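Take a look at the structure below.
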Amino acid sequence: MKYVDAAQVQKKMGTRLLANKLAKNLFFLSTLFGLIVLVILIYRVVAQSIGWIDADFIFNKLSTDPEKAGIMGAILGTLWLMAVVAPVTMVLGVGTAIYLEEYAKKSRLQGFIQTNISNLAGVPSVVFGILGLTVFARALDLGSVVLAGGLTMALLVLPVVVVASQEAIRAVPQYLREASYGMGATKWQTIKNIVLPASLPGILTGVILALSRAIGETAPLVVIGIPALLIPLPDGVLDKFTILPVQVYYWTTDSALVAEYANLAAATIVILLIVLFAMNSVAILIRNKFQKRF
Amino acid sequence: MAVLTMTETKGKLAEEQEFSQAEKKIVYGTKDLNLWYGGDQALKNINLDIYENEVTAIIGPSGCGKSTYIKTLNRMVELIPVVRVSGEILYRERNILDRSYKVEDLRTNVGMVFQKPNPFPKSIYENVAYGPKIHGIRDKKILNEIVEKSLRGAAIWDEVKDRLNENAYGLSGGQQQRLCIARALAIEPDVILMDEPTSALDPISTLKVEELVQELKKDISIIIVTHNMQQAARISDRTAFFLNGEVVEYTNTNSIFSNPSDKRTEDYITGRFG
Ligand SMILES: Nc1ncnc2c1ncn2[C@@H]1O[C@H](COP(=O)(O)OP(=O)(O)OP(=O)(O)O)[C@@H](O)[C@H]1O
Ligand SMILES: [Mg+2]
C-alpha cells in the first residue's frame with residue numbers, strides 16, 4: 001500500500017501553491033510599506049527645503065529672521081558634542097568590552113554586567129536626559145554646556161559600542177591568542193598587539209554607528225536645557241550650545257508662529273541626513289577596507 | 001627468570017648502554033601528573049622524563065590525552081577554566097605547576113607549534129619579530145638578524161626573503177606552518193612542543209617539516225604529537241604510547257616499534273600499519 005496518495009496530493013496542490021504566492025506578496029507589501037513612507041518623508045522634506053539651503057544658511061548664525069537665520073551654531077555644536085562623545089564612548093565602551101571578554105569571562109559578575117548593559121540599551125533616551133541633568137548639569141554644576149551634553153550622550157550610546165566591540169573581540173579566533181600566549185606574551189601584550197588590531201574594524205563600525213545615533217538624538221539634550229534661541233557660536237566644551245536635531249525641534253514647534261520656520265527645519269533635516277549618510281558611508285568603508293581574513 | 005646466554009646479556013647491555021650512554025640530561029620530568037576537565041579525568045598518573053636534544057614522539061588513539069599533556073607542558077591548559085591539575089612537572093628541575101612559576105617565563109623557553117598553522121594576520125616579518133618584540137627587543141638591526149636566522153632555521157628563508165612585508169596569509173599552508181616554526185624559533189627556545197604539526201600539510205611540506213625537526217634537535221629538544229606511525233618511527237628517538245589518559249609504554253622508538261612490550265601498544269601499532 002502506498003502512503004502518499006497521488007490524487008490527494010493533486011487536490012492539495014492548488015492551495016499550497018496559492019499560499020506560497022500569497023506569502024511572497026505579503027512580504028513584498030511589508031517591505032514596500034516602509035519604503036513608500038520613507039520616500040514620502042524624504043520627498044516632503046526635500047521639497048520644503050528647496051531654495052533654503054545655501055551658503056548663508058550654512059554659515060550664518062541663528063536669527064529670528066528666517067531670511068537671515070543660519071545653522072552654523074548648530075553645526076559647530078554638533079561637532080563639539082561629537083568631540084566629547086567619540087573619545088568618551090570609545091574609551092569607556094572598548095574598555096568595558098575588553099574587560100568583559102578577556103578578563104571577566106564566565107564569572108557571575110560578567111553575567112550581571114552583561115544583563116545590565118542590555119537593559120541600559122533599552123532605557124528611553126529621556127531618562128538619560130534626566131540623569132545628565134541631575135548628575136552632570138546640576139550636581140557637577142557644569143550647566144547645560146557641551147561637556148554635560150556630551151557625557152550624557154556618551155552614556156546613552158555606550159551600550160551600542162560595548163556590544164559591538166564585544167562581538168568584534170569575540171570574533172578574533174582563539175588560536176591567535178594561543179599563538180601569542182605561546183610565545184610568552186602577557187595578557188595585555190596579547191590584547192594590545194593581537195586582539196585589538198584584529199577587532200578594530202568591528203569596533204570602529206560600532207563607534208560610528210553609535211555616533212550616528214548620538215547625532216540624531218534630541219530628547220536628552222532638551223531635558224538638559226539647551227536654549228531655544230542661542231546666537232553666539234560655541235568654541236569649547238564649556239560653552240552653551242545647540243545641535244542640529246534640537247534646532248529642527250524648536251523650528252518645527254515655532255512654525256505655527258512663523259511659517260518659514262518649517263522650511264528652515266526641513267533644510268536642517270536635509271543637512272542632518274547628509275551628515276548621517278556620510279557617517280554611515282565611512283562606517284561601511286572602514287568595515288570593508290580593514291576587514292581581515294581569518 | 002631464565003638465565004640469559006652470554007651473547008644475549010651482552011646484546012642487552014650494549015643496547016642499554018648505547019641508549020643512556022651520553023648521560024642525557026632531563027629537560028622535563030613529569031611526576032604523578034593528573035588532570036581533570038571538570039569531573040572528567042583526562043590524564044592519569046603520568047610519569048615521564050623527556051631528554052635533552054631528543055625528539056620525543058607521543059602517539060595514541062584520538063582522545064587519549066596527547067594534546068592535553070603537551071599543552072600542560074607550557075601550561076596552555078590554563079586557558080580552559082574548568083581544568084584542575086595535580087602532581088609535578090619539573091622543567092629544568094623547577095616545578096612549573098608551582099604558583100610562583102611565571103608562565104610567561106616558561107613560554108619564553110618553551111615554544112609551541114600548533115596543529116593548524118596559525119600565523120598572525122600581519123606581515124611575514126612581523127610574525128617572526130613578534131616574540132622578540134614582546135620580550136623587549138627594539139633594535140631594528142638585531143630584529144632583522146633574528147628574523148633572517150629564524151626563517152633560515154625553519155627552512156623557509158629562500159621562499160619568502162623577497163616578500164617579507166607581505167601578509168602571512170598569502171603563504172601556502174605548508175609555508176605558513178614553517179613560518180610558525182620560525183616564529184617559535186625567534187625566541188630561541190630550549191624546547192619546542194608540536195601538536196600534530198603536519199596533519200594539515202601535503203606530503204612534501206610534511207617531509208620538509210620532518211627534516212627540519214631532525215635539524216633542530218641538534219640545538220633543542222622537541223616533543224611532537226603525531227597520528228602518523230611512520231612519522232614517529234622516522235623522526236623520533238623516544239616514543240610514548242598514550243591510552244585513555246595513561247602512558248602504556250615509553251621507551252626508545254626502535255624498540256617500541258620493533259618489539260613493543262605491551263599487548264595494547266602492539267595492537268595499536270600493528271592496527272595502524274594494517
Ligand atoms: N576543553 C576541554 N573541555 C573538556 N574536555 C576536554 C577538553 N579538551 C579535551 N577534553 C577531553 O580530554 C580528553 C583528551 O583530549 P585530547 O585533546 O588531549 O586528546 P588527543 O589525544 O589530543 O586527541 P586527538 O588525537 O583527537 O587530538 C578527551 O576525552 C577530550 O574529550
Ligand atoms: Mg589532539
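In the text below, chain A, chain B and the rest are named by the order of the sequence lines, each starting its count at 1. This one's a predicted model, so the numbers in the text were calculated from it and none came from an experiment.
None of B/Glu104, B/Arg183, B/Met112 except one satisfies the side chain to side chain contact (heavy atoms under 4.5 Å, CB included) rule with A/Met183; the exception is B/Arg183.
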Stepwise side-chain contact (heavy atoms from CB on, under 4.5 Å) test for B/Leu79 and A/Gln174: CA-CA 10 Å; B/Leu79 294 181; A/Gln174 186 64 16; 4.2 Å; yes
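With a 4.5 angstrom heavy-atom cutoff, B/Arg75 does not touch chain A via any of its atoms. Residue B/Val103: no heavy atom, backbone or side chain, is found under 4.5 Å from chain A. Looking at B/Pro189, neither its backbone nor its side chain comes within 4.5 Å of chain A, counting heavy atoms on both sides. With a 4.5 angstrom heavy-atom cutoff, B/Lys102 does not touch chain A via any of its atoms.
Scanning both residues, A/Leu176 and B/Phe120, for their nearest heavy atoms gives O-CE2, 3.4 Å. Among all heavy-atom pairs drawn from B/Asn118 and A/Ala179, the shortest one is ND2-CB, 3.4 Å.
Among the residues in residues 85-95 of chain B, none has a non-hydrogen atom closer than 4.5 angstrom to a non-hydrogen atom of chain A. Within residues 208-218 of chain A, no residue has any heavy atom under 4.5 Å from a heavy atom of chain B. Taking 4.5 Å as the heavy-atom cut-off, the residues of residues 127-151 of chain B that approach chain A are B/Tyr130, B/Gly131, B/Ile134, B/His135, ordered by number.
The neighbour count for A/Phe112 CZ, taken as heavy atoms of other residues, nucleotides or ligands under 6.0 Å away, does not exceed 12. For B/Glu188, the CD atom sits in a loose shell: 12 or fewer heavy atoms of surrounding residues, nucleotides or ligands are nearer than 6.0 Å. Counting non-hydrogen atoms of other residues, nucleotides and ligands closer than 6.0 Å to CZ of A/Phe277 gives a total of 12 or fewer.
In this view, A/Leu120 and A/Phe128, A/Pro159 satisfy the side chain to side chain contact (heavy atoms under 4.5 Å, CB included) rule, not counting sequence neighbours.
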